[in-house]
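From a predicted model like this one, the values you see are computed outputs, not experimental measurements. A note on names: the letters A, B, ... follow the listed sequences, proteins ahead of strands, and every chain is numbered from 1.
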Amino acid sequence: MAAPLPMMKFWKPGLEAPGVGEERELSSEIGGSPVIYNPLSSLSIEKQRQKLPVFKHRNHILYLVENYQTVVIVGETGSGKSTQIPQYLLEAGWAAEGKVIGVTQPRRVAATSVASRVAEERGALLGHEVGYTIRFDDCSDPHATRIKFLTDGMLVREMMADPLLKKYSVLMLDEAHERTLYTDIAIGLLKKIQKKRRDLRLIIASATLDAKKFQEFFNLNESGDPNKDTCRILTVEGRTYPVDIFYTVSPVPDYVKATVETVLKIHETEGDGDVLAFLTGQEEVERVVSLLVEQARALSRFGMKKHLRVLPMYAGLPYQEQMKVFERAPPSVRKVVVATNIAETSITINGIVFVIDCAFVKLRAYNPKTAIESLVVTPISKASATQRAGRGGRNRSGKCFRLYTEEDYEELPPVTVPEMQRTNLSPVILQLKALGIDNVLRFNFLSPPPAQSMVQALELLYALGGLDQYGRLTEPMGVRMAEFPLSPMFAKMLLESGNFGCSKEIVTIAAMMQIQNVFLSPPNQKKAAAREHRKFAVAEGDHLTILNVYEAFIKHQKSSQWCQEHFLNYKGLLRAVTVREQLRRLMTKFKVPRTSSEGDPDVILKCIVSGFFANAARLHHSGSYRTLRDDRELHIHPTSVLYAEKPPKWVVFNEVVQTSKYYMRDVTAIESSWLVELAPHFYKQAKNRSIGSKRAKMT
DNA sequence: GAGCACTGC
């Protein structure tokens with residue numbers, strides 16, 4: 001029986017224009033498959049192009065690009081900027097004499113789907129005049145491609161081979177307001193390049209809030225005379241529908257329950273239209289889904305005409321389950337998508353009219369004092385709240401129910417802290433060093449990270465042998481580490497694996513560790529999944545366990561059926577095969593011998609220690625663990641195969657996540673003597689240590 | 001006995 005519904009009280013303070021310059025009507029799919037369009041005649045394509053709001057600004061944009069080194073374009077959702085501006089530049093001759101117009105995107109799907117749309121508009125085959133480059137997939141022609149879409153991470157990689165990016169005449173950084181790690185790195189580096197290449201033009205596509213910041217950053221005019229400015233802002237209106245915003249009258253004690261109540265209230269009192277609810281994590285999503293499914297059953301028993309179809313959406317969900325949120329529901333059914341932040345930018349679901357926003361998000365945080373990264377539930381920014389609301393105004397006017405008061409909204413920070421300021425910087429610093437930035441502390445960061453984070457990164461890179469005592473990249477170790485598309489610890493482990501005689505196994509382990517959610521546990525089959533997963537488990541820990549999984553996957557001819565039976569992530573495992581191949585090629589390039597441990601686990605474990613010695617912990621008499629670096633309390637994560645086992649005395653781990661406690665993930669048992677043997681500079685014997693030492697004593 | 005936002009090279 002359905003419990004009586006407590007009434008949620010909302011009031012409506014007025015209209016708010018949605019959309020923070022997001023534009024993703026193309027990517028209504030995930031997983032990299034481009035969207036397929038109906039064939040259109042060239043005439044109707046031309047007409048459609050001219051109807052886009054950005055078309056009115058065509059000449060003005062070209063004028064600004066001609067006369068200013070940098071143009072910041074504030075392009076609202078639906079303005080058409082991502083697809084049109086590159087074409088205007090092409091038509092105006094910016095790709096003459098073999099030059100290329102480059103457009104970056106933070107995500108792979110966006111790069112491929114926008115590229116295919118533009119190719120289609122030009123009647124071109126993708127990969128010729130219009131192409132894209134993302135990791136593992138280069139669909140561009142070095143001679144023929146004039147407009148190239150790429151991920152911003154890929155652009156940074158290209159700078160390693162071509163530091164001045166000579167082949168580009170114009171670079172457009174799309175979605176720059178998202179401030180992803182690689183967008184920020186690219187921005188700092190491009191400013192440096194611009195000083196040497198006055199001919200290079202930049203277009204920064206951003207949201208209103210950040211436009212001024214970008215302009216100030218890129219304005220090279222120091223004369224004080226505004227006529228000599230090198231950067232200008234242009235705003236292009238979008239095309240979206242209004243979204244009514246509703247706040248609660250009083251604070252909500254439990255947003256999970258409030259989400260369920262609000263969905264039911266919408267269902268009872270509102271007209272047609274699908275619902276999208278934002279929550280912070282998988283657990284919350286599943287809880288809301290099961291509560292709603294229960295209520296929906298009760299409602300249908302009471303003869304409610306319209307049915308509810310409740311669907312979860314988060315990154316860890318198996319692919320087939322994810323695809324269900326894109327299926328259109330019949331008119332008699334209302335679709336309710338309960339999602340994590342994945343639905344804020346990464347995917348777009350058509351037909352959403354009602355949005356429910358809990359005001360929270362799970363974000364990565366980094367503690368520069370302890371060098372521990374964690375995931376923390378944090379209040380969202382105003383920009384995020386606007387973005388979420390805008391998800392309801394894409395096809396027609398919508399409504400957004402915010403599960404917080406208007407006063408609470410006013411307290412939210414304007415924008416989210418850039419990733420650069422809340423991450424472990426060792427991969428960033430290594431990359432910058434490889435790009436010839438000697439003094440990283442003085443690098444032109446758009447938002448400088450905490451100095452302590454940089455110091456931690458420099459210390460770790462030194463301990464790994466990637467930097468010398470003067471902070472210079474070492475040859476060959478540091479140079480090679482920077483070439484790997486992995487964190488420096490993984491790169492070190494791979495480069496050492498030849499010496500340990502286990503490079504075949506290590507390259508598999510490294511590839512597998514890049515895949516999230518290797519093991520699937522569907523909410524209703526948890527027991528069965530755990531039983532299957534145990535078959536791969538070994539006492540040494542998680543690293544050798546995932547090695548077993550990969551080898552079994554290959555032994556069973558990469559069968560998807562086999563994956564399903566063992567509750568393993570088939571798409572993830574296929575990706576591991578590709579990643580492994582890329583890593584193996586780099587190993588061959590650096591002449592790392594291809595060796596196998598032939599069943600001896602110890603050499604593999606020692607090799608892991610050679611990269612991960614900084615992440616070591618010892619068993620404390622309390623039953624928990626303590627880091628060797630600074631004696632912090634840690635616990636084995638419940639997903640580790642070591643969780644239920646007799647706890648080993650010494651372990652290394654891949655990462656720490658902080659939820660209710662600090663949990664080590666991907667944990668492997670080691671011998672303490674290996675630490676002294678393999679990282680003597682990092683862990684010296686107790687007798688030489690002073691009391692105030694940063695490094696903990698070995699016992 | 002108890003838990004894994006999201007990208008990207």
Enquirer: So which nucleotide from B/dA5, B/dG3, B/dG1 ends up closest to the side chain of A/T639?
Expert: B/dG3
Enquirer: May I ask you to say what A/D152 touches in the nucleic acid, namely base, sugar-phosphate or nothing, with a heavy-atom cut-off under 4.0 Å?
Expert: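 Contact class for A/D152: none.
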Enquirer: Could you state the CD-C1' distance from A/Q105 to B/dT7, rounded to the nearest angstrom?
Expert: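 Computing the A/Q105:CD to B/dT7:C1' distance gives 13 Å.
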Enquirer: Which nucleotide in the set B/dC9, B/dC4, B/dC6 lies at the smallest distance from any side-chain heavy atom of A/P485?
Expert: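 Closest of the options to the side chain of A/P485: B/dC9.
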Enquirer: Using a cut-off of strictly less than 4.0 Å, decide whether A/T180 has a side-chain nitrogen or oxygen near OP1 or OP2 of B/dC6.
Expert: no
Enquirer: Verify the neighbour count for atom NZ of A/K192: are there more than 12 heavy atoms of other residues, nucleotides or ligands below 6.0 Å?
Expert: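 No, not enclosed.
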Enquirer: Would you mind reading off the distance between A/Y662 atom OH and B/dA2 atom P, rounded to a whole angstrom?
Expert: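 About 19 Å, once rounded to whole Å.
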Enquirer: Figure out the CZ/C1' separation between A/F360 and B/dA5, and round it to whole Å.
Expert: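 One finds 14 Å between C1' of B/dA5 and CZ of A/F360, rounded.
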Enquirer: Would the distance check show the side chain of A/E284 and the main-chain N or O of A/L279 forming a donor-acceptor pair, the cut-off being under 3.5 Å?
Expert: no
Enquirer: Against the six-membered ring of A/Y366, is A/R422 placed for a cation-pi contact (under 6.0 Å from the centre, within 45° of the normal)?
Expert: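 No, a cation-pi geometry is absent between A/R422 and A/Y366.
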Enquirer: Using the six-membered ring wherever Trp is involved, compare the ring planes of A/F519 and A/F536 and label them parallel, tilted or perpendicular (cut-offs 30° and 60°).
Expert: tilted
Enquirer: Which of the following nucleotides, B/dG3, B/dC6, B/dC9, is nearest to the side chain of A/Y314?
Expert: B/dC6
Enquirer: With a cut-off of less than 4.0 Å, is there a side-chain N or O of A/T345 near OP1 or OP2 of B/dT7?
Expert: no
Enquirer: For the side chain of A/L363, starting at C-beta, report the closest nucleotide among B/dC9, B/dA5, B/dG3.
Expert: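 In terms of side-chain proximity for A/L363, the closest of B/dC9, B/dA5, B/dG3 is B/dA5.
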Enquirer: Taking CD1 from A/I429 and C1' from B/dC9, how many angstroms apart are they, rounded to a whole number?
Expert: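 The distance from CD1 of A/I429 to C1' of B/dC9 comes to 17 Å, rounded to the nearest Å.
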Enquirer: Can you confirm whether or not the ring centre of A/F612 sits under 6.0 Å from the ring centre of A/F490?
Expert: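 Yes, the ring of A/F612 comes within the 6.0 Å limit of the ring of A/F490, centre to centre.
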Enquirer: Nearest heavy atom decides the nucleotide; on that basis, is A/G316 or A/F484 closer to the 5' end of DNA chain B?
Expert: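 The residue closer to the strand's 5' end, by nearest nucleotide, is A/G316.
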Enquirer: Taking only N and O in the side chain of A/R108, is any of them less than 4.0 Å away from OP1 or OP2 of B/dC9?
Expert: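 Answer yes for this pair, as a side-chain N or O of A/R108 is under 4.0 Å from OP1 or OP2.
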Enquirer: Relative to the ring of A/Y404, is the ring of A/Y409 parallel (under 30°), tilted (30 to 60°) or perpendicular (over 60°)?
Expert: parallel
Enquirer: Quick one: A/I347 CD1 to B/dC6 P, roughly how many Å, whole number?
Expert: 10 Å
Enquirer: Measure CD/A/E286 against P/B/dC4 and give the value in whole Å, please.
Expert: 15 Å
Enquirer: Kindly point out which of B/dC9, B/dA5, B/dC4 is positioned nearest to the side chain of A/Y663?
Expert: B/dC4
Enquirer: Looking at the side chain of A/I342, which of B/dG3, B/dG1, B/dC6 is the nearest nucleotide?
Expert: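 For the A/I342 side chain, the nearest candidate turns out to be B/dC6.
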Enquirer: Side chain of A/T340 only, please: which of B/dT7, B/dA5, B/dC9 is the nearest?
Expert: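 Nucleotide nearest to A/T340's side chain: B/dA5.
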Enquirer: Could you tell me how far apart A/F519 (CZ) and B/dC4 (P) are, to the nearest whole angstrom?
Expert: 17 Å
Enquirer: With a 4.0 Å cut-off on heavy atoms, is A/L181 in touch with a base, just the backbone sugar-phosphate, or nothing at all?
Expert: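 If one applies the 4.0 Å heavy-atom cut-off, A/L181 turns out to touch nothing in the nucleic acid.
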Enquirer: Between A/Y182 and A/K362, just flag the one whose closest nucleotide in DNA chain B comes earlier from the 5' side.
Expert: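 On the 5' side of the pair lies A/K362.
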Enquirer: For the pair made of CE in A/M160 and C1' in B/dG8, what is the distance, rounded to whole Å?
Expert: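 Rounded to the whole Å, the gap is 15 Å.
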